[in-house]
Amino acid sequence: MPALAAGRGWPVRFDHCFQRILLDNAAGGPWREQVAPPAWRNASDALLARAVALGEGAVAGSVDLAALNQASLRWRGRLRPVHPARGG
């Protein structure tokens, strides 16, 4: 996925960022609240399968990676507030 990031205009480009996005969305919230790190060793097969399916969908263009990133950041309280009066 990192090799595709620039060409797709994705909001992230590092492996650990893709991991966060996909695992958070597969878990329905911050994955570390459900799974002890490292996820590859401790996550259930079902959670990992959901994360892989999301990643495959992003690569295929059927899943919006930017929307998944926004959800992940929202769950983690990391979204910057939007100020419409100031243009964003």
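- Proximity of Phe14 to Gln19: side-chain heavy atoms (C-beta onward) are nowhere separated by under 4.5 Å.
- With sequence neighbours excluded, no residue forms a side-chain hydrogen bond (donor to acceptor under 3.5 Å, both in side chains) with Arg50.
- Side-chain contact between Phe18 and Pro2 is present, with heavy atoms from C-beta onward closer than 4.5 Å.
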Only pairs under 3.5 Å count here: list side-chain donor-acceptor contacts from residues 59-69, not counting sequence neighbours, and write none if there are none.
unit_1	atom_1	unit_2	atom_2	d
Ser62	OG	Gly57	O	3.4
Asp64	OD1	Ala66	N	3.0
Asp64	OD1	Ala67	N	3.2
Asn69	OD1	Arg20	NH1	3.2
Asn69	OD1	Arg20	NH2	2.8

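- For the pair Met1 and Trp10, the minimum side-chain heavy-atom distance is below 4.5 Å.
- To the nearest 0.5 Å, atom CD1 of residue Ile21 and atom NE2 of residue His16 are 10.0 Å apart.
- The minimum heavy-atom distance between Pro37 and Asn42, with the atom names listed, is O-ND2, 3.2 Å.
- Nearest heavy-atom pair across Ala26 and Ala51 is CB-N, 3.5 Å.
- In Arg13, the CZ atom is not crowded: 12 or fewer heavy atoms of neighbouring residues, nucleotides or ligands sit closer than 6.0 Å.
- In plain terms, the two heavy atoms of Leu23 and Ala39 that are nearest each other are CD1-CB, 3.5 Å.
- Nearest heavy-atom pair, Val12 versus Cys17, reported as atom, atom and distance to 0.1 Å: CB-CB, 3.6 Å.
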